Structure formats: structure tokens, C-alpha cells
Amino acid sequence: MTSATQGTRRSGPPLLETRDLVIKFGGVTAANNVSMQIEAGRNLAIIGPNGAGKTTFLNICTGWLKPQQGKVFLEGEDITTLPPRKIVQRGVARAFQIPQLFTEHTALENLLISAAARDGMRNPLQSLHRIRQRDEMMHLLDLVNCADVADRTVVELSEGQRKLIDIAVALALKPRLLLMDEPTSGVASSQKHEVMEILVGALAEAGVTSVFVEHDMGIVARHADEVAVWNAGNVQLRGTPDEILEHPDVIRDVIGEEVA
Amino acid sequence: KPETLKIGMTTFLTGPASVFGVPARDAMDIFVANLNAEGGINGVPIEVTYIDEGAGAEALTSEFRRVAQSGGAEIMLASISSGNCQTIAPLAEDLQVPNLMWDCGTQRIFEENEYDYVFRTQGNATSEMLAAVAYLLKTNPDFKTIAVVNQDYAWGRDSWDIFHTALEVMKPDVEVVGEFFPKFGSPDFSTEISRLQALRPDVILSTSWGGDLDTFVQQSFQRGLMNTSTFVLPLAESSLERLGPSLPAGHIVGARGDHYFLHPERRDDADFQSFMEQYKEATGDIPVYSVFHASQAFAAMQAAYEKAIADNGVDWPSEEQLLAAFEGLEFQGLGRPLYLREDNQGVESQLMGTSAQTGDYPFATLENIMIFDGDGLLPPIGETSIEWIKGLDASFVDTLQVETYDN
Amino acid sequence: MLDTSQRSAPKLSDKAGGLRSTRSLLTLAGVLLLAAVPLIAPSMQLLINLALAKGLAVLGVTILLRAGQVSFGHALFFGVSAYVGAFLMASMPQADLILVLIAGVAGAAISGLLVGLFVVRYRGIFFGMLNLAFSMIFWSILEKFYHITGGADGIRLARPTVLGMALERPEFEAVLFYLSLVLMVGLGWFTLRWFASPVGQIFQTIKTNETRLEYLGLSPKRVLLSGYLLSAALCGVGGSLMAMTQGVVTPEYVWWVRSAEMVFIAVLGGAGSVRGAFIGALIYEIVRVYASAFAGDIWQLLLGSFLLIIILFAPGGIMGIADSVMNRRSKSQPTNLGEDAQ
Amino acid sequence: MNLTIFLLALFDGISYAALVFIVALGLTLIFGVMRILNIAHGSLYAIGAYATVSLTGFFLALGFSPIFAFPLMIISAVLVGMLLGGPIEWLLLRRIYDKPEVLQLLVTFAVFMILEDAQRLVWGTQPYFQASALQALGNITLFGVTYTVYQLILLPLVAIGLLFGLRFFLRRTVIGKLILATTEDREAAQSIGIDADRVFLFTFIVGAVLAGLGGALASPTTSILPGMGADMIVLSFAVVATAGLGQIEGAAVAALLIGLGRSFAVYVWPEVAVLVPYLIMVLVLLIRPQGLFGSPVARKI
Amino acid sequence: MLEFRNVTASIGIIEILRNLNFRVDAAETLALIGRNGAGKTTLLRTIMGFTKVSGEVLFEGKPLTPLVPAKRPGLGIGYSPEDRRLFSAFTVEENILLPADAARLGAVETQRRLDKVYDVLPELKEMADRPAGNVSGGQGKMVALARALMIGTKLVMLDEPFQGLAPALALRYADALRALRDADRSITLIITESNPALLRGFASRTLVIERGEVSDGSLSPERKQP
Ligand SMILES: Nc1ncnc2c1ncn2[C@@H]1O[C@H](COP(=O)(O)OP(=O)(O)OP(=O)(O)O)[C@@H](O)[C@H]1O
Ligand SMILES: Nc1ncnc2c1ncn2[C@@H]1O[C@H](COP(=O)(O)OP(=O)(O)OP(=O)(O)O)[C@@H](O)[C@H]1O
Ligand SMILES: [Mg+2]
Ligand SMILES: [Mg+2]
């Protein structure tokens, strides 16, 4: 896979940096002076109450929304005003809270298209199913536990299956940075850990930096190197999972008493 | 000698131009039935296949070809729309099937190309427009301003071109104050009428036909425009019955030839009267000019066969003999006699009149009718109409042969 | 999870393989049958030639349907190409058939690029109506500048030479017929391959999710434009062939009803199906000509009813019917997922 | 262009726009709610006109006063909606709501073809004209130009009435809300208890009535002849697209732009009059890609 | 209350659920669990009438199958779909009120129910006037839940209601739902949920769906007597 970020820590600009992001929707402030630095090679979990602005943050980082103030940098390059595709071309991929798939294509085709988009399309008359990345993509499907539905069209899949395939599609781009919005919500709890385990392993092996929004604290505790807590458009706290998950504010606002 | 003489006829059975196409077909059915009742042409009965021009150019060409080739038609009658004429004429020539252009107005056909198999059994736009100009100048010599409201397609444009060119040389002091080309099939002329009311031209020309003409005249009538300007409507003969009382007295009406159900020279003839009755019985309407054009094509066909049979002393003519018979053929439909010129162009007289509400009919009839001889209204062979007209002058009107009738 | 799909997947593709070969055989038979038309049914030759020309244009519309976009103005490219041919013949009476074709297609492609750059920003009804608007603007130009374009009468198109030879009508028509046939097979094959290729597949994702497309690093507009160009060029091929077959071009070539008709045929054949485009065009033209020949003034009614029946009872179009007939025959084992799981 | 001419063009534009709006309104409604571009709308328009002419002719022949033409217009429109609109939705469209939109479009195209011939079979090919309603209201003269009261005053009033009536109905009434919900998500609407089938049937009938009413109101001003529907439908399409999806205020503004554009073109530059609807559409969409009143589709991701 | 007799449900030509036989008693709280793609959502959609069914689904002893989907909410069935399906043309509160409008409940009854819903989901009150199209993923789930409670007087079906909710909130809702059920013994709940922790001590019975078939989950140890 990619080699760009093999070295985990380098001096120089952080992989992704935001400075003082502000965005308001009418009366709602979804980002309020958000400044974040995301170092290469780490898994960052973002947690926070509903409506705190987590998805909005991913939207801004990938160019879907333009902040009213502030800037986004990718390895020092200002990408604030770039459209999503330009940012994706720079090695950022994203999986969505609500899966974004080509619903009339099969699961495998979704991945093959992703691979074709990644590597460029050389022979215009070669069948998509024959491209050389096919095995690689089957492997990816396997990784997210969906190999058995490879030939099913997406409309025929259940919500959980779609979420997993959505992640695989993002992964197929071989990004340097992978942003995932609640990757395990909708995935049956019996599969959650298994899938995350394999996924995180694969990401580490490929040296992919990941940021994932998550509501399942079990997952956060197990798979995040670092946790950021969002609240009302702000980064309230940041630290290791242990620190954060014990923090009384977090327990009160996010985790809830009982499970803790 | 064939068992039946098969002919094919293209006509509009659908679409807006079916106002002409359907009456022509109804008339054709009557002509054929009448002739077959008398035993047909030299004992051969006639059978017509109709092709709908409204079905589009592909269907038309395919059908034309099918009828002409595998359908075994010996002679074709095509067509109404000038676009279709342009398509069919070379096709007929290539297929080597004699084709009578029975209702095709564009003067370009024989001016731009030569044909051996294509004949026109009527006049053309040039003769029709020149007759209108001549009638206008004779009856209304003092007008100063004119405006035109024509349909925005080839006929509307071409006919104005001819009319305008003629006016420029025959009455150079006339000012054109407005030129409107609303789109074909326009449902509303209110804006044009408002504009015309503000402009107040002495004369308003419209060569429109069918629903467009009806709507334009009706709306003009409702809004009083017809009281202030004289309308020149070279195709209004085909709308008389429908317009009813909305076409008041004093406006100029033409008929694309000498076509009028009260044709002053023909109305007392027995064949004319009996056809009018038959037609009325079959359709409930009075015939419009396309019926006359159909009668001319039918007459030309019959005359050609009879002439070829007589000339050659055969039972049934070969194709060459038939074609030879068309040279200079003379024939007569429901109007005056016609003949074919050397360039295969028919020479047709032109009837113009002024509307009058006499009370004899629930619609306007014509008075002060003039029938112009067709000879003077066509350019000499080899000359294009516009060039020829540019060389004319004010004295042209006086050179025309014309008969005048009160009604 | 239903693991049935895994088991049935190879079966499905076996069956697809079987279907594919039946289909290729039938296609081959169909092409051969068409190739024999001038010999066995010469009176059908012109009709079929016109239908093939139209089928190529319909193929252009079909391409856009695959991206979920319906254009009500593709007759524009059909007409541009036809008029380019007519003007070329008028200024260069000795021009060759191949030259006319190439010039026409180039004209269509260039106008496709110009219009495309603008319309690819829009989707759905806006896309459809803007295409209509451009075709109607062109139509009005053809009608207005009648000194140049011949207005509604159009322009006659003399017979071009064929590889330098001047041919009489019958020979020329034979050449055109087989040329159309070859183009149908060649371009049809190309389009099939293109659909299956990564580029073509990406083009088809416009229909379902542009957000994901953007997040794959691709520009939906550019992707749509590429297909738009191809579709315009195909319409151009059809237009050139039609113009040379008819020997005359008129503004009717560009009239919106003709665009609508193309969409209609595309769906009749089976929306998005390459073979369907041609089969649809053939059936449409034949039904239309015979309906208008034998039912004079109610042909539209018959054609409309025929289409209604197809849409209601076989929404997959004629190709859908063909497929289900073949399916039924090749249904040796049940492929229903549910049954498998038992 | 002096002030008088300007005003004249304005009057003409408004009265034309009123008619276009009334016809386009039904189309916009159906499109907005059902996402079906109803090509048969043109035929319903034409049949509304034919029906009015026939009914009026019949009753006037019985000796009724011309003022009866007005109720007959409404009767014709309702007949068109009930007898044609209802069955089209009920028998044809309902069966294919789960199919691609383009199929629904084509069903209406097929119906259009059938109705075009049906009209000719019933009413023949000759144009009809029946202007009693228009004559009953008389003329007024402004700046030396005579207008019919019908076109200059009645049509715009009806158009404004329909605009506000329909707006109120959709925004302020419960049924209107349920219609809007169904528009957005048919299945979700059903799962909260909205009878989507009834909503669609009702909408289609109302749309068809409006088409018929357009024809009925147009009938005294124009010749009724085969093919009149085809022209109207393209114009209405342009209005719908310019307006923005299903936006009735947008339809009003678009109709007005097109009406005024056309009448000013006739005064200033008659050559482009035919092109006006298309030029306006292109211009509007260039500036506002979602149409005049449409809002950009916000995709939630 | 609700009974499945030999029900086989299919989408298109594909059978998704096969041969289901089970019953749900009044005032039960049934948890449906199963892996992704097992058929949980399909089961709920079958009760709503969105699949093709053979066999019989009885609701309060009467067959449901002849009723079109739109008639079913009128029986007191509320449904919160997994993918939210809010009407973005309306505000949050209008979305919640729509089922009441469709059932023509009348102003008083509507207000009564709305108050009750806000008691359960107080967070929604402050977003009442925001357009439903703009709320966040979790907020959308809350609105869908509220909408189901509005009309579901007898049966409330929640498809992964806590999906995407922050745990603190999810816990509170679980409590609130439990309170609601305890307060009104006429309500039957069917919940699909992938986090069993949230349903612990709440569901009276668990039904496991696997490959479109219901296994013996009814004997689940978590079963509690009502
Ligand atoms: N429209 C459809 N066409 C064909 N198959 C479908 C369709 N919808 C769902 N399926 C299939 O039916 C099965 C059950 O799907 P369902 O959505 O009910 O699962 P689920 O248990 O709710 O899963 P999840 O927890 O992921 O939401 C899945 O295997 C899915 O692929
Ligand atoms: N396009 C928009 N227009 C208006 N408001 C918006 C828009 N997008 C988000 N919001 C609002 O901004 C706030 C933050 O939304 P966001 O989707 O970022 O929340 P989140 O943290 O991802 O929540 P969840 O965990 O529920 O997904 C919410 O209150 C939401 O309603
Ligand atoms: Mg979110
Ligand atoms: Mg589910």
C-alpha cells in the first residue's frame, strides 16, 4: 500500500491541521473555533453528544462545507477552499455516517470503481470486472466481513452491510488519511469488534492515519490512540482513551452513568 | 393492361395541415368512385393508397417507396408540404415513377432542378402572390402602408419575399411598417394585434392558413382591427366557412388558384354542381382549394392516360408513352382548364375577390371577383421568380389578362 | 447472514454465461438477417436503413439514460450533423461519403462539447429541458435564416461519391445500408464494451451517487461530459446517415418531438440496453409505418397503445421480454435465493 | 420605445402570461408532487378547449345566453379531470410508481399520442372557434388600442386567484401538508398513515382539471385544432423548469417573464419572439441552477 | 396482539423471511436481534406492509395483510425506520405532528400526545422549529422515534432506535421508554437493536433472527414475566 506515511512521526507540519474553524447554521453553531492537529500514524477517535458538530468537522476537513472562518491544512497546504475531489486526490478518504454507495452496482463493483478511480483508467475497453485490482478488492470485502455479498446490488443490502462496504470503498482508495463517521453504528454488536479489529490492523499495517467518530465507548477504548471530545461545536478535551473515558464531564455528557 | 390502375397519394391525414389533407382525400374518394362507376380509364378501375404526410419524413419516404415499388403504383400524387416536395421530387425521379405534385406551393422545385418524372398540376407561390398583388393594386391603388403577419416557416417567408419584391417594383412608395412572423401554430396574436393597432397600416397581409389564419382573423375582428385596415388574405378561401361572421365585408380573399365553390365561370356547369352536392353530402362542408387541387391532379392523370392511349393506339400506355403524354398536357378539374409548361410547371388561373356578408350564407362570400389568366403570372422558363419580378414595373398589372365578375 | 448468495453466485454467473452466449448467437442471427434484407425484402431496405440510422441516435440517448439523465434535445446533434453534411455537399459537390460522415460527426461532437459544458451542471428535468432549449434554439435558427438554411423546406443533399465513385441510387443505397449495418455492429460493440469498462461504469454512477463519486476524487461534471460527448457523437452518426439516406435535411430533424421519440424508442427497446436501441428503433419504425399505412389517421393511437402495453406489461422493454423468454428456457435450476437456502 | 408602447406591451404580456400560467400550474403541481412530467397535459388542455366549445355551442343553440359559457368552462374542466385525469392515474400511472421515472414519463407520452388521435376522431380536423364568452364581456380601449376585457382583465384575475388559492391550499391546509409529505417520500408517508394512492389520484385529478381549465379559458381566444396541445406542452415545460421543481410561485414568475419577454420581443425584436421561452430558461438556469424559486438540494451526508 | 402464521415475506422475487411463526402478546417488549442482513428490518417492514407476504399476519386477531400500508398506522402502529426518513420540507415539530394530521386526531388529542412525546424526548423541544433536513444523524433518529410514539398507541416498532446516539442519551431514552411502557400497559414495543446492553432488563423477550428465520429466541433467558 502507500508509502507516503510509513514513518509514523516526522517533524514538519502535522498531517491535518485546522485553525479556528467557525461555521454557523442559522442559530446553530456547529463549529466554534475548532483548532485541531492530527499527527500521522495515529488513530484518533472523536466522541461527543449528538449534534455537537462531529460530522460537520469532517465535512469541513474534506471540503464539503466551507468554514465561515478558519483554515484547513493538509501537510501544510491550505485546502480550505478545495472541492472534496481535490482533497481526496491528495490522499484523504472518507466513510460516511449514512453510507454513500452506488446503489445500483454490486458491492464488489463499488470497490472496483473505487480502485479504478484511484489508479486511473488505462484501457477504455477493458471490463471493470477484469481489472487487475479485483483480487485486492475481494480481499478488502473480506476484511469487512462482506465477501459473501460481493455480487449483491447495494439496494439489496441491509443497513449494516452498507456501512461496512462504505468503509471498504474508502479504504480501496489507499488513502493516507481515512475519516470514518460512526463506522460501527448499525453494525451488529456481535460483529463490531471483530470488524474493527481487522480494520484497525489493516490500517496500521498500511500506515494509514485514521479519524473516526464513534459512540461506542468499547470500540473507542480498544482501538483509539487518542480521543477528542466534541461539545457544542468545540473541542472540549483531548487525551488518551484512558484519561478521557474516565473524565467526569465526559461521563456526564457522553457516556452516561450506567455503562461507565 | 393492368387489372386496376394503382395510384398513391400523399396527404396530411394528421397534424394541422389535415385541414387541407382530409378534404382532399374525401374529394379524391369521390372522383375515383365516379370514374370507376363509369368503368375507369379505358376499362381499368382506379385504386388509391393514401400516405399520411403527418407521420413524418421517414414514414413518408418509406411508404412512398413501398407504394411506388412493391405496391405497384403506376403514378404517385405527392405532396402538400413543400419540405416533403423537396424530399419526394428527387426520390420519384430516382425511382422513375411519374409523380404529380398536386398541392405543392414552393416555386423552387422547377427553378432549381430539372425533372423528367415530376409534374406540377397547379400554379405555384409566384403566380399566387402576384395575383394577390395585382388585385390589391387594382382595387386599392392608394394605400401607403402595409404590414405582414405570416407563419414562421418557409411558406410564410417565401410568400412574403415574393409579395414584397413585387410591391417594391410595382408600387415603390409603399412603406412596410411591420413584419411579424409568429411561430407556426401560434395560439395567440394579441400582441401582434396591439402592435398593429398602434401602427395602423392601410393594408395587412397574411398568407397564413388553417387555425393560424382563423385565430388571427377572429382576434383581429374582436378587437376592431378589421375596421381600420384592409386585410389581404391570399389563402382565406379555405377558411371562409369556419370564419363565419368574423370576416366582415371589404377584405381581399384568395384561393391559391381559381378555386371557389361559387366559381363564376363554373358554378352553372352540371359536373361542377353535381360534385358540390356529392361533396356536401359526404362531408357536410363546402369544398376548399385543396379539393380543387386534387381534382386537377386527378384530371391531369386521367387526361394523360387517355391522351397516351389515343396517341399511341394502345390498350394501355407504357411508362414512356405516359410521360410523353404529360408534355404540354391540357386538363381541367373543377376550375378553369390548365396546361403543363415545358418545365413541367402547371399554368393555373388565379381567382381573387373581396369579402361580403350577403346573408345568403352564414359566412362571407366573394364579390368583385377577378380571375387572372395564369400565363402572365409565371416567370419565363429558366428564370427564377425573384429575379424576374425584380425586372418588372408598375405597368405589369395592366399586362395581365383578367375577367371581372360582381360575385 | 444469508450465505446463500455465495453459493448462488457462481450459479448466477453460469447462467449469465449461458445467457450471454445465447444472446450473442441471437444477435449474430439478427445481424445476418438484417444483412440479407436487401436480397430477401428489398422493399424494406429503406425503412430499415432509416431505422438503423435512428437506432444509432437512440444509442446516444441510451447512454445518457444509463446515467439516469433524460435529454429532450438530442435531436440537436442529429440535426447538426445532418446540416453539416448538407452544407458540405452544397459547397463541395464532389465530397465523399466518408468525408460527409466524418464532418457530420465532428460537427455533432463539437456542438456536444459546447452544449455539454453548459448542461452537465444540471440534472433531472433541468438537464432535459436545457437540452430541449438548445435544440429549439437551433431549430429556430434553421427556420429563421431561411436564406441560408432553406427554412422549413430544408436543403437537398446530393448523393456524395463513395470512395471517389459516383453511384446511382440503388448502388448508393446498398452502400449506405451496409455502412449503417457495419456502424451499428461496430458502435454497438464499442458501446457495450464502454459500458462494461471502468470509465463507463463510473459514468453510470452519476445516476445513483454523485457524492461518493466526488469522494473518489472524480468530478461528476467531467464524468458526465465524457458520456455526453459520446452520446452526441453517436447521434451525429445517426444524423449523417439519415441525411444521406433521405437526401434532404429539414428543421424537423431537430424538432423536439424527434428528441422525445428517441427517448421513447430507447425505453421501448429496454432503457439502457444497446441492442434494445436498435431493436426498439426497428420495431418502432415498422409499427409506425405500417400503422400509418393501414390505419391512415389513427396510427398515433395504435402506436401509443402499443407502447403503453409494452411499458405496462414489459417495463424492461423489448430486451426485457427477450431476456425473460430466454431465462425461462434456460431455467434448469432454480436460482431464487430463498429456494436455495432450504 | 415610448411609455405608451411600453404599457401596451405590458398589457399583452400579462394577459398571455396569465393563460400560460394557468396551464403550467397543473403541470407544475403534478410534477412537484408526483415527479412526473405529464406530457398528456397538452392533450388534456386541448380536450378542455374542445369540450368547452362543443358544450357552449350546444347550449347556445338551445337558446341559452352567452354568459352560460362561463359555467360551462368549469364543467368542461372538471369533466376532463374526472373522466380523463382520474383513469390515467388510476389505470396506468399507479401501476408503475415503483419503476424508473422515465417510464412514467413515457406512459404519459403514449397517452398523449392516443389522445391526439382520439381528439381528431371525435372533433375532426377542422378548426373550431367559439368566442361567445369573450364577446359577452366586451372590449375596452386603452391608448387607442382595443383590448378584450376577457383577456386583459378576466384571465389575469383567474390566474392570480388560482395562484393564491393553490398556495393557500398546499401551505395552510392539512391536506396540503400531507400532499407535500407524500411528495418527498412516498413510503415514509405511507408508514405514518398517509394514503399516498389517494394523494396521487387527487393531485393528478386537480392537475388535469387545471389543464382542462386552461384549455377552456383559452378556447374563446383561439382556434381549437389538432396539435394545439403539443405546442402548449413545450411552453409549459419551459415554465416548469424555469420555475424550479414544483414551485407554483416560480411558475407564476416564469410565466410572466415568458409572457412579457414575448410581447416585448414582438415590439422590439420580433425575430426572437419564438425563442423567448428558451432564452429565458437558459438565462434563469445559468444564474439560478435550481430554477427561480427552487432551493438547492441539500444532501445530508 | 400480533401473530405471524407461516409468514414468508419477499422483496421482488427474493424471499427474505421464511416461514415465521410467532406471537407477541399485549404489553410485551420484544427485542429482535440478529446479525447484519438477518432480516430484522424486513420483519418490521412486513408488519408495515412493504413486502410481499404469503401466510397470515394477525393484529389483534384481525388479518393485516388486506390492509394497504397507509391504513396500518391508523390501527395504532407507530414505526421508526432505521434510516430515519424525515420529511425535510418540514420542521422537526411538523414531522412529529404529521402522523396526527394524517389520522385527523384533532387539536386537543394531538397536543396531549405531543406533550407526552416531549416528556420522553425533551431534547427535541429546543429544535422544534429547525428544518428536519438539517439535523444531525443522531438528532434525526430522535425525531423518527418521536414520530413513531406520536401514532403508536398500541404497537411501537423501533428499528435500531439508539443507533448513532451518544451512549448517555441512549441510556436516558431506554429509561424513558421503559417508563413509558410501564406507565401505559397497553403499548407493545418491538425493538431491533444491536446493543443488547441497552435492552437489558427492559425487553421482556428476545427473538433471534438468523438468515430470515426466527430461531428459538422466545426461550431466551432474558425473558421476564410482564
Ligand atoms: N430490496 C431488497 N432486495 C433484495 N434483498 C434485500 C432487499 N432489502 C434487503 N434485502 C436482503 O434481505 C436481508 C435482510 O435485510 P434486513 O435489512 O432486514 O436486515 P437487518 O437484519 O435489518 O440488518 P441490519 O442490522 O444490517 O440492518 C439482507 O440479506 C438483505 O441483503
Ligand atoms: N446543513 C446544515 N444546515 C443547518 N444545520 C446543520 C447543517 N448541518 C448540521 N447542522 C446542525 O449542526 C449541528 C451539528 O451537526 P453534526 O451533523 O455535525 O452533528 P454530529 O456531531 O455529527 O451529531 P450526530 O452524532 O448526531 O451525528 C446540529 O445541530 C445540526 O442540526
Ligand atoms: Mg454525525
Ligand atoms: Mg436493519
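Proteins get letters first, then strands, A, B, ... in listed order; numbering begins at 1 in each. Just so you know, these numbers use all the heavy atoms, side chains as well, and skip hydrogens, waters and symmetry mates. Keep in mind it's a predicted model, so treat the numbers as computed, not measured.
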Name the region of [X], side chain, backbone, both or neither, that has any atom closer than 4.5 Å to a heavy atom of chain D.
X	answer
C:Phe313	side chain
C:Leu65	side chain
C:Tyr215	side chain

Might you point out which heavy atoms bring [X] and [Y] nearest each other, and give the distance in Å?
X	Y	value
C:Ser140	D:Leu275	OG-CD2, 3.1 Å
C:Met129	D:Met281	O-CE, 2.9 Å
D:Ala110	C:Gly304	CB-O, 3.5 Å

Contact part of [X] toward chain C, heavy-atom cut-off under 4.5 Å: side chain, backbone, both or neither?
X	result
D:Phe31	side chain
D:Ile280	neither
D:Leu37	side chain

Side chains of C:Leu308 and D:Met113: does their closest heavy-atom pair fall under 4.5 Å?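 No, too far: nothing below the 4.5 Å cut-off.
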Please tell me if the side chains of C:Leu307 and D:Val107 come closer than 4.5 Å, counting only heavy atoms from C-beta onward.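 Side chain of C:Leu307 against side chain of D:Val107, heavy atoms only: no contact under 4.5 Å found.
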When rounded to the nearest 0.5 angstrom, what is the spacing between [atom1] in [X] and [atom2] in [Y]?
X	Y	atom1	atom2	result
D:Asp117	C:Leu302	CG	CG	8.0 Å
C:Phe306	D:Ile114	CZ	CD1	12.5 Å
D:Tyr278	C:Phe138	OH	CZ	15.0 Å
D:Thr242	C:Leu130	OG1	CG	8.5 Å
D:Leu121	C:Leu301	CG	CG	6.5 Å

Parallel, tilted or perpendicular: which one describes the rings of C:Phe264 and D:Phe109, with boundaries at 30° and 60°?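 Rings of C:Phe264 and D:Phe109: perpendicular, over 60°.
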Among residues 90-101 of chain D, which ones touch chain C with a heavy-atom distance under 4.5 Å?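 Counting heavy atoms that sit under 4.5 Å from chain C, the residues of residues 90-101 of chain D involved are D:Leu92, D:Arg95, D:Ile96, D:Lys99.
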With chain D as the partner, which of C:Ile137, C:Val263, C:Val70 has the greatest number of non-hydrogen pairs under 4.5 Å?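 Of C:Ile137, C:Val263, C:Val70, C:Ile137 has the most heavy-atom pairs under 4.5 Å with chain D.
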side-chain contact (heavy atoms from CB on, under 4.5 Å) for C:Phe72 and D:Leu105? Distances and angles first, verdict last. CA-CA 12 Å; C:Phe72 293 121; D:Leu105 178 86; 3.4 Å; yes
When only heavy atoms count and the cut-off is under 4.5 Å, which of residues 114-126 of chain C reach chain D?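 Contacts with chain D: C:Phe118, C:Arg121, C:Tyr122, C:Ile125, C:Phe126.
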Between C:Ile311 and D:Gln104, does the side-chain contact (heavy atoms from CB on, under 4.5 Å) criterion hold? Intermediate values first, please. CA-CA 9 Å; C:Ile311 297 170; D:Gln104 296 160 18; over 6 Å; no
